[in-house]
Amino acid sequence: MMSSSLQSTVEKAAAIIAKHDYARVFSHYDADGITSVAIISTALLRMGIQFHSSIVSKLDKSLIQDLDEDLIIICDMGTAQTDLISEYLKDKDVIIIDHHAAPLTSSIPSSTASSSPVIINPHCFTRGGNDEIDGEVCAAGLSYLVARCLVSDGARNIDLAGLAIAGTLGDKLEIERGLNKTILDEAINEGVITIKKGLKLGDGKIRELLLFSTDPYIPFVGKPEWVDAFLNKEGIDGDKLLGDLEDEEESRLTTALLSQIRESDVEVPEDALVGTTYKMNLEVVRSGLDFMRMIDACGRFGKAGIGIGLCMREATMIEDAKSLYMQFQNKLVAELNRIEGAGDDGIQELSNIFYFYVQATGITGVLAGILAEYVHTKKPLIVLNKKDGTDERAATKISARCNKKLLAPSEGEGVDLAKALEKAATAVGGFGGGHPVAAGASIPNGSEEKFIASINSIIGEQRRSLS
Ligand code: C5P
């Protein structure tokens with residue numbers, strides 16, 4: 001499943017890494033970024049290569065130009081900064097392990113054209129030709145491919161496959177396809193992961209799982225009295241652990257939940273609620289979903305170190321990570337309830353988009369993702385997080401998400417939020433980008449209305465290109 005040029009680039013990166021005795025590593029703060037850095041850090045540790053790993057929200061010129069280490073490994077970012085990297089780090093060995101597309105203003109460099117930076121990015125291998133990679137691979141999956149080539153004591157780091165799958169779950173990519181499936185199959189064969197069909201809710205007390213289940217979205221999320229009434233009606237003990245339910249009880253719970261969802265006005269496909277669950281046999285948190293969610297929450301609260309510790313099998317980190325996850329869910333559920341109760345002051349609808357302002361910080365992207373996937377599915381959803389004060393330079397942060405059904409059937413057609421946000425943000429003096437289905441931007445304070453009008457019209461043009 002792996003194209004020969006991806007394989008040779010991965011091997012090239014591993015050979016470069018092996019020549020060094022020290023590495024500077026950077027990564028992004030979400031579950032994919034944290035699992036990526038944990039995979040690379042563990043592989044380096046096992047080879048006796050010292051390292052300094054940092055989680056950053058962005059790679060900018062000031063950070064890049066001050067780097068003086070001989071080996072720099074950048075995970076889950078870096079593709080957008082290849083010009084800066086080539087300019088300031090030309091004498092260094094730089095490895096970029098990323099899955100983001102290059103911005104509109106620059107073309108993605110060929111992965112094999114130069115020796116540094118070495119770019120391991122599926123977008124380098126999918127521009128026509130025979131080398132196409134089947135399915136989308138996240139940075140953790142790519143980091144795992146590199147780690148597999150970093151052999152120490154004859155071992156190939158296959159035990160780290162659980163982290164690759166956790167990163168893939170975090171980015172919500174299809175696991176049972178292409179390269180991801182190759183990684184999964186290897187993990188299953190080696191006993192690293194066990195799969196099972198069941199409810200995709202994680203593990204814990206059923207009452208709490210239902211009360212805080214935002215993804216998949218349970219219609220009575222955040223409403224304890226509804227949850228209790230539902231459990232009483234179905235005769236299910238909410239204090240029981242989901243993993244302890246008999247098959248018959250889990251099947252009854254599943255049928256009842258699916259029927260609740262069908263009766264509600266949310267759009268939760270059956271396979272979002274029920275399907276393959278991943279048990280991480282070697283990790284300190286066994287449920288793949290819980291593991292990913294806890295790592296993600298650590299990063300979002302600026303405590304990525306706890307998430308990395310969890311990935312490096314530090315059992316002492318479990319309680320802190322669990323508590324950060326619950327804090328995150330509480331914040332998310334409170335904001336969902338606020339939006340639901342806000343009526344006309346809540347979500348606004350224009351011809352081609354939905355949009356609204358969010359008050360709580362740190363949850364914008366996740367909130368937008370949940371609402372776009374399950375609640376407001378017909379048009380892209382734009383969420384604005386406006387900073388208080390009148391300073392025009394204080395950036396308003398934007399997260400945009402859309403349901404996959406709105407996506408382009410082929411390149412150059414249909415909704416592409418990365419292109420739309422980059423264009424609209426640049427036009428008002430900001431910047432943006434990301435993926436077709438999930439993108440973000442920062443724009444100057446005061447430019448929100450112009451930005452919203454521009455996004456609405458760009459999405460309109462993109463949708464017209466479909467018809
Ligand atoms: O911030 P958020 O989670 O909404 O970002 C979604 C995607 O957009 C991420 O892949 C992020 O890297 C990208 N993004 C970007 N430029 C920004 C903000 C986010 O490319 N200014």
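In listed order, ligands and their atoms are each counted from 1.
Contact atoms of ligand 1 toward Ala441: 17 (C), 18 (C), 21 (N) (distance under 4.0 Å to a heavy atom of the residue). Atom numbering of ligand 1 starts at 1 in the shown order; those under 4.0 Å from a heavy atom of Ser442 are 21 (N). Near His435, the atoms of ligand 1 lying under 4.0 angstrom from a non-hydrogen atom of the residue are 10 (O). Listed by atom number, the atoms of ligand 1 under 4.0 Å from Gly432 heavy atoms are 16 (N), 21 (N). For ligand 1, the atoms lying closer than 4.0 Å to a non-hydrogen atom of Phe431 are 21 (N).
If you check which protein heavy atom lies closest to atom 17 (C) of ligand 1, you get Gly440 O, 3.4 Å. Residue, atom and distance of the protein heavy atom nearest to atom 3 (O) of ligand 1 are Arg401 NH2, 2.9 Å. With hydrogens left out, the protein atom closest to atom 1 (O) of ligand 1 is Ser399 OG, 3.9 Å, a heavy atom. With hydrogens left out, the protein atom closest to atom 7 (C) of ligand 1 is Ala438 O, 3.6 Å, a heavy atom. Among protein heavy atoms, atom 14 (N) of ligand 1 sits closest to Gly433 O, 3.5 Å.
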message: Pair Ser27, Ser36 - check side chain to side chain donor-acceptor pair (under 3.5 Å), show working.
response: CA-CA 7 Å; Ser27 194; Ser36 302; 4.8 Å; no

Test log, rule side chain to side chain contact (heavy atoms under 4.5 Å, CB included), inputs Met312 and Leu45: CA-CA 11 Å; Met312 296 177 94; Leu45 196 65; 4.1 Å; yes

- request: Given side chain to side chain contact (heavy atoms under 4.5 Å, CB included), test Arg300 with Val366 step by step and report yes or no.
  value: CA-CA 10 Å; Arg300 291 184 191 278; Val366 178; 3.6 Å; yes

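Counting only heavy atoms, the protein never gets under 4.0 Å from atom 11 (C) of ligand 1.
Of the heavy atoms in Lys397, none comes closer than 4.0 Å to ligand 1.
Taking the charged nitrogens against the carboxylate oxygens, Glu349 and Lys379 do have a contact shorter than 4.0 Å, which makes a salt bridge.
A tilted orientation is assigned to the rings of His435 and His100, their planes being inclined by 30° to 60°.
Between Ile175 and Ile165 there is a side-chain heavy-atom pair separated by less than 4.5 Å.
With hydrogens and angles disregarded, a donor-acceptor distance shorter than 3.5 Å links the side chain of Asp32 to the backbone of Ala139. Listed for the Asp171 side chain is no donor-acceptor partner under 3.5 Å among the backbone atoms of Cys138.
By the 6.0 Å contact criterion, CD on Gln65 is enclosed, its count of non-hydrogen atoms from other residues, nucleotides or ligands being greater than 12.
Polar contact with ligand 1: present for His100 (N/O pair, distance under 3.5 Å).
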